[in-house]
Trainee: 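One structure is given below, represented as structure tokens, and several questions about it will come after.
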Amino acid sequence: MRSAALAVAALLAAGSGARAQEAVAVLSASAGSYQAAYDGFAEGFGRSVPSFRLPGETPATGSDTRVVVAFGSDAAVRRYPDHATLVVCLAPGLPGSDVHGGPFVLLDMKPPAEDLLGKLRVLQPRLARLGVLWNSDDTRAYLKTLKRAAPALGVQVTELHVADPADVPDVLRAQVGKLDALWLAPDPRLVTPQTFQTVKQFSWDNAIPFYAPTSGLAAAGAAAAVSVGPRELGRQAAALAKRALAGESLPRIVYPEHAELIVNLKSAEKAGLQVDAAALGPGAQVIK
Amino acid sequence: MRLRTKFLALLVPVGAASALLILVLIRKSVHGAIVGDLGRSATVLAQAAAQDAEPGFRSRSEALLLPVLQSVQKNQGALYAAALDPRGLVLAHTSITEKGKIEDGAAAAGPSVRVVSFRGEPALEAVVPVWSSAPAPAASGDSFLLSGELPAPTRERAGTLKVGLPLEPALRTEERIQRGVVLIVGAIGGAALLLVLVLVRGILEPVNALMEGIARIHRGQYDVPVPLLSKDELGDLARSFNGMSGELVRTTVSKEYVEGILENMLDPLVVTDPEGRIETVNPAAMETLRFTAPELAGRPLSSLFPEPPEALRSESLAALSATGGVRDLEATLRTKDGRDIPALVSASALTDRNGRVRGYVGVAKDMTERKRIENALLVAKTAAETANKELEAFSYSVAHDLRAPLRSINGFSQALLENYSDKLDEEGRDFLGRVRAGSARMALLIDDLLRLAQVSRSAVRAADFDISALARDVAAGLKSADPERAVRFVIADGLKAHGDPALVRAALENLIGNSWKYTKRRPSATIEFGETVRDGRRAYFVRDDGAGFDMAFAKKLFSPFSRLHTAAEFEGTGIGLATVQRIISRHGGSIWGESAVDKGAVFYFTLPENRS
């Protein structure tokens, strides 16, 4: 009777086009950054993994599923077997760490602090006062590492905590003349279209370059972004998944490596930043 | 100023001014349309945003107003958007640092549009008032009762919304349109200019052709027609011009023609000014005098002569116009190398239509060769005359002196025959007979020679006379000498001639006498005298139907002592036709004969025509 039930379940899984395996990928959407990250994951993982794209597809996991790789917050907050390790990436707005009952690893989007500051200094050599607009508790820990790394690079980091996005104008007005640049932390509650527009206009009006956490925001009008691309994040998620499958115990937050500098030349110019594209180094991307 | 320049000077400024005016008007119109359109868009945009922003105005909350303003900015591409309270205090602004400032324009009661500069960028700012509706007051019983109207809801001024749309794109569009307009106007202007140039060329080409034609006429070339390049008034003008030049060719000697004559004249020609200073010389003059034209130019005409003739002295030239000039004045020209040239000089005054003396023209005939020939001829003539006279005298004296011994021979021969006939045998008598016949023939020869000499020496006394009568007289003499002969004379009546009647009679006696002689073997003969025209000349003729002669020997006919028949056939000395020819040539006429053996002969001769 048990064998028959397993056979029926297997048939059902096959019928749905998906079969539970030891590693499963779940995408919050079928296109965009998630798909790029998944491509990087598939490339890094080295073999085919069942993938499910929300909201149309239902992830098929089972007792043999040992690792679930979730791309995006929507994919991360779904229920997965507790015995499986949940590797999450591209989920900056993930609410807390209690989303999963089992092992959990968050591949953060924020680049390593030294890497961020070093690249911003390359872009803006006279950068000495960097204001960081932030909101979430997750960023608080990152700020500590950032502030630790800053003096070595000759930069003073000013925390600009914004409890409510509506406070952004007041926070910014108070910093006129006190900052050389702004960095917007990847806090989903903070980074809204309105606040982004407010910060961008403030940046342009006051010739204070503002830097974003993602390449998408650089394309949308930030002067530059220091971030790890989705494909690279996917590759690094694949490495974490492999480590989990190998039985290795992983930390809850892992900061990615290989951050890239993406420069929007027009926005930089509007923000009063003269960029020598040739001096940016071979890894930099330029949006003209 | 040239006609083309005038055209361009007139049309280019007018065209440029028109183009400029068009550009200014179009620019103004385009600017008005674009800015107006943009202003209406900005106003509509601001009014739409004002409704959304009303709650924010009521609460004076930046947090409520900013999203609305940012929405306008982001979605409508506004440069900025601002919300002001009724006093002009900025409640919210897309540039957040503007908050709290006081701006003007907040008091306007209605929408307005203006061009402003925002952070260095031109912008079109729409300012619209924002009203908040207050609930209508409760209608009092009286007012509603009296008017039947509900009280209108009250409106309060909540503030002002400003939306600044960037003018840069509109200005770029305007600039693009203007560039297009400038290109079009430029192209039209260029095409118009090209058209004008083509038109001007079309006009000027016939005009230039006419000018060229006039210049050619000025240079004296009348026979070169102007091409007919158009069918308009200029074409008519060219046609008229060609008619005029054609008429000039027919009525006027062209300068080219005159120059051609001067160039090709073999005799030296010199033209002077009214003062007698040389202006023009022809190549023959330069060649004769060995001077170049520049060397002769300006020299007095009299300087060409070592001893200028009186009429050609500078002070005498004026008289030439009165006298009509001098002709064939013998003078001596002196060349550059000092050689003297005998010449015949003719000179006259050159006058214009009004009789004013424009200068003098002189032509010289180089007489050097002629003088040499004349001198040679004179020497030859003198020698010939001397020789001739000597010869004639010799001939006459010989002939005359021969007569005496001949008469002696003849007389003594006859005396021997008469007185001593019986003492001579037959042979002796025959010898004497032959002596007498020979002496008689010799006497005849001497007579003929004397006559020939006489003809040559005697003067020609020309007069008009009736040559028909003369011929008839000669014929009558012959008939009377031998009345037995059956000879018919046909003599044209009334023929007149001019010459020496005695000499012409001698000629006719010879010619008609020859006809009489050479027809003697005919049982009957006809001898004609008349007049005919040969080779355009009036000629008298004597024709017979006698023995005739072979034309192969015609050249010998008029040589003395030349005979085409033997004395046995026809007697004669061979001097007769030589005498006739001498007579005719002394009259200036000519004589020739035509004949064939046994076909008769005809002799033609001419005499001077000036019969009165």
Side-chain angles (χ1 to χ4, degrees), chain A residues 129 131 133 135 160-182 184 188-210 212 216-223 264 266-274, chain B residues 45 49 52-53 55-85 89-103 116-123 125 159 161-169 172:
Chain A
R129 300 171 298 175
L133 279 169
N135 170 263
L160 302 174
H161 181 254
V162 181
D164 186 331
D167 298 336
V168 168
D170 288 334
V171 170
L172 291 177
R173 273 193 290 268
Q175 297 301 319
V176 173
K178 298 177 183 175
L179 299 175
D180 298 322
L182 271 171
L184 197 59
R189 194 160 166 267
L190 174 65
V191 183
T192 66
Q194 286 74 34
T195 55
F196 180 79
Q197 179 72 10
T198 302
V199 175
K200 183 177 78 174
Q201 191 65 50
F202 173 81
S203 162
W204 291 358
D205 289 344
N206 298 281
I208 300 173
F210 118 82
L217 292 179
N264 184 328
K266 284 184 181 174
S267 294
E269 189 180 345
K270 284 186 175 180
L273 184 62
Q274 297 300 321
Chain B
L45 198 61
D52 297 338
F57 275 102
R58 272 207 306 269
S59 63
R60 301 174 67 86
S61 164
E62 184 187 26
L64 289 177
L65 288 167
L66 196 54
V68 176
L69 300 180
Q70 286 180 337
S71 171
V72 171
Q73 184 187 33
K74 185 172 183 183
N75 298 332
Q76 307 302 330
L79 202 58
Y80 64 91
L84 285 64
D85 74 359
L89 179 70
V90 178
L91 299 175
H93 199 291
T94 49
S95 292
I96 55 175
T97 49
E98 299 295 313
K99 187 190 174 190
K101 295 180 180 175
I102 300 289
E103 290 192 2
V116 298
S117 175
F118 181 74
R119 298 189 188 279
E121 276 191 56
E125 185 180 78
L161 194 75
K162 288 184 176 180
V163 174
L165 291 183
L167 257 181
E168 197 62 44
R172 277 202 299 273

Trainee: So, for B:R119 and A:D205, which heavy atoms are closest and what is the spacing to 0.1 Å?
Mentor: NE-OD1, 3.2 Å
Trainee: Is there a donor-acceptor contact under 3.5 Å linking the side chains of B:Q70 and A:Q201?
Mentor: no
Trainee: OG1 of A:T198 to CD of B:Q73: how many Å apart, nearest 0.5 Å?
Mentor: 9.0 Å
Trainee: Distance check, rounded to the nearest 0.5 Å: A:Q197 atom CD versus B:L66 atom CG?
Mentor: 8.5 Å
Trainee: With a 4.5 angstrom heavy-atom cut-off, could you sort out which part of A:D167 is near chain B: side chain, backbone, both or neither?
Mentor: neither
Trainee: Working to the nearest 0.5 angstrom, can you tell me the gap between B:I96 CD1 and A:L172 CG?
Mentor: 4.0 Å
